[in-house]
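All figures in this text were calculated on a predicted structure; none of them were measured in a lab. Naming convention: chains lettered A, B, ... in sequence-line order (proteins, then strands); numbering from 1 in each chain.
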Amino acid sequence: MTTKARSLTTQQEHDIDLMRAAVERDLALWWHQNARDLPWRFGRTSPWGVLVSEVMSQQTQMSRVVGYWEAWMNKWPDATALAKAPTAEVIAAWGRLGYPRRALRLQECAGVVSEQYHDQLPHDYESLVALPGIGDYTASAVMSFAFGERVAVIDTNIRRVLGRAFLGVESLGGSTSPVERTLAWRVLPEAAAQSVVWNQGVMELGALVCTAKQPGCDSCPLRSMCVFLAAGRPGLGERRTRPRQRFQGTNRQVRGIILQSLRDLPDGQSVVTYDKLRELWPDRAQLDLCIDSLEHDGLVEIVDGHAVRLPQ
DNA sequence: GTCCCGAGAT
DNA sequence: ATCTCAGGAC
């Protein structure tokens, strides 16, 4: 009988409750000594600035985000400023952060916040998660990090750390399981202020120490209580079910090349011809497919059927 | 489930 | 040169 558990056992609940306070104490201490000094942390930006940092950080390492975030917030300090910007400029400013549809969704989001919410981010999860480009993770992160509310933030780092520390198992990817969600809420500190430190601490620990492949258990603040370490780190680095996404030769690479050619255009030029694009990517069928998909996404406009430009 | 990027590590 | 990593929309 190897049926996947649908909920925590009574024994697991008991063990988790015994561990919780010690983890909270040691993690908070570690956080205060090891937190990276990112510009959107420690109350130095608005809720909108926090949201921008979270959207930029989706699927992207923090170290790559910092410079973009600073330039972006300098240029468009609030939702209304971003909503009014030319879309071509927004896409260009997204630069090489990757997944440029995020930039489009962020500008749409800015439009909704500007018009429906008077330029102030809504303070409730349901309204946040309904915004363009904002899913469960980002809505929860804003509720916790920007508004200080008691919300369980769940991303892959947190799933990995909590699964290891409290259950002694690897989080194997795919969508968040009911067990993972139940666990995240059960261990979350009752006091709102403590819950924010907890969320940030668990995420930071997952990013800096409790990494997927080579966790630094020797320097982990939880090494004395971690169930995963005590069990001999069973299945460490086990293949995630998430499908591998190679890059070479994919539509993602071709779309990237097309957008890069548009971003890097000299001043005064705004279009790139299909002929020029064929020099960059000779496979005409794939190129046409990617141009169409970029247009469909709203990331480019087609000019007279022979060139592309950023949306005006 | 599949599709969206790009940089840093190895 | 190849591998690894990460949320949201559909």
Side-chain angles (χ1 to χ4, degrees), chain A residues 50-68 91-109 112 125 128-145 151-161 170-177 180-181 184 199 202-216 236-264 280-281 286 289-300:
Chain A
V50 172
L51 182 141
V52 172
S53 80
E54 290 301 339
V55 171
M56 287 184 170
S57 301
Q58 293 166 1
Q59 308 292 109
T60 308
Q61 292 83 351
M62 297 285 192
S63 56
R64 290 174 53 203
V65 167
V66 174
Y68 284 101
I91 295 169
W94 196 255
R96 304 183 72 84
L97 271 176
Y99 298 112
R101 290 190 296 198
R102 291 183 293 167
L104 245 32
R105 295 291 89 75
L106 185 55
Q107 193 182 27
E108 288 172 29
C109 177
V112 176
Y125 174 90
L128 288 167
V129 83
L131 293 169
I134 307 302
D136 171 70
Y137 164 74
T138 308
S140 301
V142 169
M143 286 300 287
S144 179
F145 305 151
V151 178
V153 175
I154 303 177
D155 76 338
T156 57
N157 280 327
I158 288 186
R159 289 167 63 190
R160 183 175 61 250
V161 172
E170 287 285 39
S171 172
L172 291 184
S175 48
T176 304
S177 70
E180 289 175 320
R181 197 164 291 281
N199 284 326
V202 177
M203 278 187 76
E204 194 81 337
L205 191 68
L208 300 181
V209 177
C210 192
T211 55
K213 227 185 73 178
Q214 306 244 42
L236 175 64
E238 193 170 301
R239 267 259 290 285
R240 323 203 106 216
T241 56
R242 191 188 187 98
R244 294 200 240 297
Q245 297 197 10
R246 80 250 161 261
F247 183 59
Q248 284 293 321
T250 60
N251 292 343
R252 283 156 53 232
Q253 183 186 18
V254 180
R255 287 164 55 103
I257 288 169
I258 295 168
L259 279 186
Q260 188 187 352
S261 74
L262 286 166
R263 280 195 306 264
D264 295 348
L280 300 173
W281 195 264
Q286 188 177 23
L289 184 72
C290 290
I291 291 169
D292 286 349
S293 75
L294 285 169
E295 187 201 24
H296 181 263
D297 286 345
L299 284 162
V300 305

J.: Quick one: does A/Arg64's side chain have a donor or acceptor within less than 3.5 Å of a partner on A/Arg96's backbone?
T.: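 Checking the backbone N and O of A/Arg96 against the side chain of A/Arg64, a donor-acceptor pair under 3.5 Å is found.
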J.: Without decimals, in angstroms, what is the distance between A/Trp94 CH2 and B/dA7 P?
T.: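 Whole-Å distance recorded here is 14 Å.
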J.: Give one of base, sugar-phosphate or nothing for A/Glu54, where a contact means two heavy atoms less than 4.0 Å apart.
T.: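 A/Glu54: no heavy atom of the nucleic acid under 4.0 Å.
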J.: Please name all residues satisfying side chain to side chain contact (heavy atoms under 4.5 Å, CB included) with A/Leu104, sequence neighbours left out, ordered by chain then number.
T.: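 Here the qualifying residues are A/Thr87, A/Ile91, A/Leu299.
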J.: Check this one for me: any side-chain N or O of A/Asn251 less than 4.0 Å away from OP1 or OP2 of B/dC4?
T.: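 Yes.
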J.: Identify which nucleotide among C/dG7, C/dC5, B/dA7 has an atom closest to any side-chain atom of A/Gln59, counting heavy atoms from C-beta outward.
T.: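 Among the listed nucleotides, the one closest to the side chain of A/Gln59 is C/dG7.
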J.: Atom CD of A/Gln214 and atom P of B/dT10: how far apart are they, to the nearest Å?
T.: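 Taking atom P of B/dT10 as the reference, CD of A/Gln214 is at 7 Å.
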J.: Could you verify whether a donor N or O on one side chain and an acceptor N or O on the other, from A/Glu54 and A/Tyr137, lie under 3.5 Å apart?
T.: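 Yes, because at least one side-chain N or O of A/Glu54 sits under 3.5 Å from a partner of the opposite role on A/Tyr137.
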J.: Could you tell me whether a side-chain N or O of A/Glu295 sits under 3.5 Å from a main-chain N or O of A/Ile291, the two making a donor and an acceptor?
T.: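 No; judged by distance alone, with no hydrogens or angles, the pair does not exist.
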J.: State which of C/dG8, B/dG6, B/dC4 makes the closest approach to the side chain of A/Arg255.
T.: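 Nearest to the side chain of A/Arg255 among the choices is B/dC4.
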J.: Expressed in angstrom and rounded to an integer, what is the separation of A/Leu51 atom CG from C/dG7 atom P?
T.: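 Rounding to the nearest Å, CG of A/Leu51 and P of C/dG7 are 15 Å apart.
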J.: Does one side chain, of A/Thr60 or A/Arg102, offer a donor that lies under 3.5 Å from an acceptor on the other?
T.: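 A pair is found: one side chain offers a donor N or O, the other an acceptor, under 3.5 Å apart.
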J.: Is there a side-chain contact between A/Ser140 and A/Ile154, using heavy atoms and a 4.5 Å cut-off?
T.: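 Heavy-atom side-chain distance check fails, nothing below 4.5 Å.
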J.: Would you list the pairs meeting salt bridge (Lys or Arg N to Asp or Glu O under 4.0 Å) in which at least one residue belongs to residues 133-145 of chain A, sequence neighbours left out?
T.: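 Sorted pair list: A/Asp136-A/Arg181.
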J.: With rounding to whole Å, what would you report as the distance between C/dA6 and B/dT10 at their P atoms?
T.: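 My reading of the P atoms in C/dA6 and B/dT10 gives 15 Å.
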J.: Rounding to a whole Å, what distance do you find between A/Met203:CE and C/dC5:C1'?
T.: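 Value for this atom pair: 14 Å.
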J.: For the CG atom of A/Leu294 and the CG atom of A/Asn251, what is their distance to the nearest 0.5 Å?
T.: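 Taking CG in A/Leu294 and CG in A/Asn251, the distance rounds to 9.5 Å.
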J.: In whole Å, what is the span from the CG atom of A/Asp155 to the P atom of C/dC5?
T.: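 So the two atoms are 14 Å apart, to the nearest Å.
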J.: Can you check the A/Leu294 CG to B/dC4 P distance for me, whole Å?
T.: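 Nearest whole value for this atom pair: 9 Å.
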J.: Just the rounded figure in Å: distance from P of C/dG8 to CG of A/Asp297.
T.: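 Rounded to whole Å, this separation is 17 Å.
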J.: Would you say A/Thr60 places a side-chain N or O within less than 4.0 Å of OP1 or OP2 belonging to B/dG6?
T.: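 For B/dG6, OP1/OP2 do not have a side-chain N/O of A/Thr60 under 4.0 Å.
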J.: Write down the distance between CG (A/Leu97) and C1' (B/dG8), rounded to a whole number of angstrom.
T.: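 Distance, rounded to whole Å: 15 Å.
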J.: From C-beta outward on A/Lys213, which listed nucleotide comes closest to its side chain: B/dA7, C/dC5, C/dA6?
T.: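 Nearest to the side chain of A/Lys213 among the choices is C/dC5.
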J.: Return the nearest nucleotide to the side chain of A/Tyr137; candidates are B/dA7, C/dC5, C/dG7.
T.: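 Looking only at heavy atoms from C-beta outward on A/Tyr137, the closest nucleotide is C/dG7.
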J.: If you check the A/Gln61 side chain, which of C/dC5, C/dA6, C/dG8 turns out closest?
T.: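 For A/Gln61, the side-chain atoms sit closest to C/dC5.
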J.: State which of C/dG7, B/dG6, B/dC4 makes the closest approach to the side chain of A/Gln58.
T.: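 Minimum distance to the A/Gln58 side chain belongs to C/dG7.
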J.: Looking for any heavy atom pair under 4.0 Å, which part of the strands does A/Asp136 touch: base, sugar-phosphate only, or nothing?
T.: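 Contact class for A/Asp136: sugar-phosphate only.
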J.: Specify the residues of residues 100-108 of chain A, ordered by number, for which at least one heavy atom lies under 4.0 angstrom from an atom of DNA chain B.
T.: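 A/Pro100, A/Arg101 - these, ordered by number, are the residues of the stretch whose heavy atoms sit under 4.0 Å from the strand.
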J.: By the 4.0 Å heavy-atom rule, please label A/Thr138 as base, sugar-phosphate, or nothing.
T.: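 Sugar-phosphate contact only.
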J.: Using a heavy-atom cut-off of 4.0 Å across all strands, would you classify A/Leu259 as base, sugar-phosphate, or nothing?
T.: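 Here A/Leu259 touches no strand at all.
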